[in-house]
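The structure appears below as structure tokens.
Here is the naming used below: chain letters follow the sequence lines, and residue numbers restart at 1 for every chain. All values below were derived from every heavy atom in this structure, side-chain atoms included, with hydrogens, water molecules and symmetry-related copies excluded.
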2 protein chains.
Amino acid sequence: MVDVIRNTRQRRAVSAVLDDLEGFASAQQIHTALERRGEKVGLSTVYRNLQALVDAEAVDALRGDDGEVLYRRCVDAEHHHHLVCRRCGAAVEVSGSAVEAWAGGVAADHGFVDVEHTIEIFGTCADCAA
Amino acid sequence: MVDVIRNTRQRRAVSAVLDDLEGFASAQQIHTALERRGEKVGLSTVYRNLQALVDAEAVDALRGDDGEVLYRRCVDAEHHHHLVCRRCGAAVEVSGSAVEAWAGGVAADHGFVDVEHTIEIFGTCADCAA
DNA sequence: ATCGTTGCAAATGTTTTGCATGTCA
DNA sequence: TGACATGCAAAACATTTGCAACGAT
């Protein structure tokens, strides 16, 4: 009944790349990283595994400015936002209780319910700016 | 030298639809709205005009959760964020000086430069929740 | 032997672009 | 007239899906 999740070579490979990545990377970048390691994994499989990891809340996903989705191993399970380097993808997880409260308040003031928010900060990190 | 922006029927039509729209709408929805009005405008032209309006800062654009871009006539020229109804697209422009400051501070704390941020609040508006 | 997984190719859906034609100024 | 605008079809993208073959348990 409950789907058994199998431990395949491809799943392990995707997970391993994610572990070694410092920042956010697109599915295509991850696919390329796998090729560089000599691991042959179909692009669709990369997408499928990333999606599974996101569903399992083991990976964070966010949409970059150009609309492509970026993935990164989740560091903190709690709700948080990101400060992401638009050049190298390095990211810092940021907790923003103050912002959460602000967002909730704004929404409530206008009678909105089921509120969610998207907050991402993009910039160039110190290393890339050097 | 400087491109002259011509006042074509199509440009006027797109602009008119934007004026009548209450909230954010996708390029395709705008294209459909034009058809309903009996205005024949190519989809590419809709995209081109919307992009031109965004460049001219006469229209706000944001990316919905599914990755499609939504457009809306700009109410306030200053920097602001949106509280958007995920059901009908109705939107409230929100100024968040406190949040701007927070975002800038977080970025500075980590040595990031050229900082930008994306903050959107999605919810269901009072009318749609009723 | 199952039944989830994979790979590939094809399909999707949005947005962009090449280019010949139209048209505003 | 002449530069910008348009329309269409095709291209470009990221992402998803159908399906037969594969492989972990």
Tightest non-hydrogen contact, residues B/Ala13 and B/Val41, listed as CB-CG2, 4.4 Å

In short, B/Phe112 meets A/Cys125 closest at the heavy-atom pair CZ-CB, 3.6 Å

With the side chain defined as heavy atoms from C-beta on, B/Glu68 is closest, among C/dT14, D/dT6, D/dA14, to C/dT14

What contact category does A/Asn49 fall into here, base, sugar-phosphate, or nothing, at under 4.0 angstrom with non-hydrogen atoms? sugar-phosphate

Give the rounded distance in Å between these two atoms: [atom1] of [X] and [atom2] of [N].
{"X": "A/Arg11", "N": "C/dT5", "atom1": "CZ", "atom2": "C1'", "answer": "8 Å"}
{"X": "B/Arg63", "N": "C/dT15", "atom1": "CZ", "atom2": "P", "answer": "7 Å"}
{"X": "B/Asp66", "N": "C/dT14", "atom1": "CG", "atom2": "P", "answer": "8 Å"}
{"X": "B/Leu43", "N": "C/dT14", "atom1": "CG", "atom2": "C1'", "answer": "9 Å"}
{"X": "A/Asp65", "N": "D/dA14", "atom1": "CG", "atom2": "C1'", "answer": "16 Å"}
{"X": "B/His31", "N": "D/dG7", "atom1": "NE2", "atom2": "C1'", "answer": "10 Å"}
{"X": "B/Gln28", "N": "C/dT15", "atom1": "CD", "atom2": "C1'", "answer": "9 Å"}
{"X": "B/Leu50", "N": "C/dT14", "atom1": "CG", "atom2": "P", "answer": "14 Å"}

Would you say [N] has OP1 or OP2 under 4.0 Å from some side-chain N or O of [X]?
{"X": "A/Thr45", "N": "C/dG7", "result": "yes"}
{"X": "A/Arg48", "N": "D/dT16", "result": "no"}
{"X": "B/Tyr47", "N": "C/dT15", "result": "yes"}

Contacts of B/Arg86 that satisfy side chain to side chain donor-acceptor pair (under 3.5 Å) - sequence neighbours left out: A/Glu116, B/Thr124

With a 4.5 Å heavy-atom cut-off, do B/Thr45 and B/Val14 have their side chains touching? no

Carboxylate-amine/guanidinium proximity below 4.0 Å for A/Asp114 and B/Arg87: no

Salt bridge B/Glu120-B/Arg63, side-chain N to carboxylate O under 4.0 Å: no

Take the angle between the ring planes of B/His117 and B/His81 and call it parallel below 30°, perpendicular above 60°, tilted in between. tilted

For each nucleotide in nucleotides 20-25 of chain C, reading 5' to 3', give B when a protein heavy atom comes within less than 4.0 Å of its base, S when such contact involves only the sugar-phosphate, and - otherwise. ---BBS

